[in-house]
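A short worksheet on the structure shown next.
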Amino acid sequence: MTATRAEVAVEALVADIETLVRCESPSSDHEAVARSADVVAALGRRLLDTEPDRVVIDGCTHLRWRFGEAPRVLLLGHHDTVWPIGSLETHPYSVRDGVLRGPGCFDMKAGVVMALYAAAGAGNRSGLSILVIGDEEIGSPSSRRLIEEEARGCDAVFVLEASAGGGALKCRRKDASLYRIEVDGRPRTPGSNRRRR
């Protein structure tokens, strides 16, 4: 029995997810994130027949593909993970009983690969933008402005991140903020800077 075109496509998609998952990319390791961006760029080049723009901000590598003049639809994803280098040793990549496992596969390397496959299957990509950032897991400190600029003027932004519990649709992005607080001043009373007993 020969495999159908759909079965072949799924096998190729899963193989590409494996390649990306095996390239560990913790957010805080800019070299690892850059290597992961290389893998994503190579996949996009193969599927979309074009190079992405590499946008490096504060040492973090983000990728962007634009088709046509002004983007109307944005596919947004990230290739960084919360998993430290070496996690593949304790959480190896696997596919068993229809379940794909490995560091970063659920959030959101599988979604990045699916976004690229979806774009590759689109007949007319004019007005499409694909943005794959490298610092989402730490609150998007270097990519926030890039995301906002790319989404401005779009009719729709799709984030192909895995579903919520039980397969439910995620209707909003998690809330995350980074703050730096500086305090400048003097003690209010002369003895307040001494330790109390």
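Computed over heavy atoms, backbone and side chain alike; hydrogens, waters and symmetry mates excluded. Count residues from 1 along the sequence.
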Atom of [X], atom of [Y] and distance for their closest heavy-atom approach:
X: V21; Y: C105; value: CG2-CB, 3.6 Å
X: K109; Y: T81; value: CE-CG2, 3.6 Å
X: A37; Y: T61; value: CB-CG2, 3.5 Å

Tell me every residue that passes side chain to side chain donor-acceptor pair (under 3.5 Å) with [X], counting only those two or more places apart in sequence or in another chain.
X: S143; answer: D135
X: R22; answer: E18
X: H62; answer: S142

>> For the residue pair D107 / H78, report whether a side-chain donor-acceptor contact shorter than 3.5 Å exists.
In response: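 There is such a pair between these side chains.
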> If you measure only the distance, is there a donor-acceptor pair under 3.5 Å linking the side chains of E150 and S129?
Replying inline: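 The criterion, which ignores hydrogens and geometry beyond distance, is satisfied for S129 and E150.
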> Taking atom CD of E51 as the centre, does the number of heavy atoms from other residues, nucleotides or ligands within less than 6.0 Å exceed 12?
Replying inline: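 Yes, enclosed.
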Rounded to the nearest 0.5 Å, what separates atom [atom1] in [X] from atom [atom2] in [Y]?
X: L63; Y: I133; atom1: CG; atom2: CD1; answer: 11.0 Å
X: Y117; Y: D16; atom1: OH; atom2: CG; answer: 3.5 Å
X: L128; Y: R72; atom1: CG; atom2: CZ; answer: 9.0 Å

>> Tell me whether V56 shares a hydrophobic cluster with I130, the cluster being built from Ile, Leu, Val, Met, Phe, Trp, Tyr side chains joined at under 4.5 Å.
In response: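 Different clusters: V56 never reaches I130 through Ile, Leu, Val, Met, Phe, Trp or Tyr contacts under 4.5 Å.
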>> Tell me whether L74 shares a hydrophobic cluster with F158, the cluster being built from Ile, Leu, Val, Met, Phe, Trp, Tyr side chains joined at under 4.5 Å.
In response: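 Yes: a chain of side-chain contacts under 4.5 Å links L74 to F158.
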For the residue pair [X] and [Y], establish whether any side-chain heavy-atom pair is separated by less than 4.5 Å.
X: L100; Y: Y93; answer: yes
X: D58; Y: P141; answer: no
X: V33; Y: D29; answer: no
X: D80; Y: S36; answer: no
X: L43; Y: R46; answer: yes
X: R64; Y: L146; answer: yes
X: V132; Y: W65; answer: yes
X: V40; Y: L116; answer: yes

> Among pairs that include at least one residue of residues 118-127, which meet salt bridge (charged side-chain N to carboxylate O under 4.0 Å, His left out), considering only residues two or more places apart or in two chains?
Replying inline: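 Sorted pair list comes back empty.
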> Taking ILVMFWY side chains as joined if any heavy atoms are under 4.5 angstrom apart, and letting links pass through other members, which residues group with W83?
Replying inline: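 V82, listed by chain and number.
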> So, does E24 use its side chain to make a donor-acceptor pair with the main chain of G86 at under 3.5 Å?
Replying inline: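 Such a contact is found between E24 side chain and G86 backbone.
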> Hey, are R54 and D38 close enough for a salt bridge, meaning a charged N less than 4.0 Å from a carboxylate O?
Replying inline: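 A salt bridge links R54 with D38.
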> Got a sec, which residues hit salt bridge (Lys or Arg N to Asp or Glu O under 4.0 Å) with E148, two or more places apart in sequence or on another chain?
Replying inline: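 Only R144 meet the salt bridge (Lys or Arg N to Asp or Glu O under 4.0 Å) criterion with E148.
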> Can you check side-chain contact (heavy atoms from CB on, under 4.5 Å) on S28 and I138, steps first, answer last?
Replying inline: CA-CA 8 Å; S28 58; I138 56 171; 5.9 Å; no
>> Working note: I17 + V95, criterion side-chain contact (heavy atoms from CB on, under 4.5 Å); need CA distance, chi angles, decisive distance, verdict.
In response: CA-CA 11 Å; I17 292 171; V95 180; over 6 Å; no
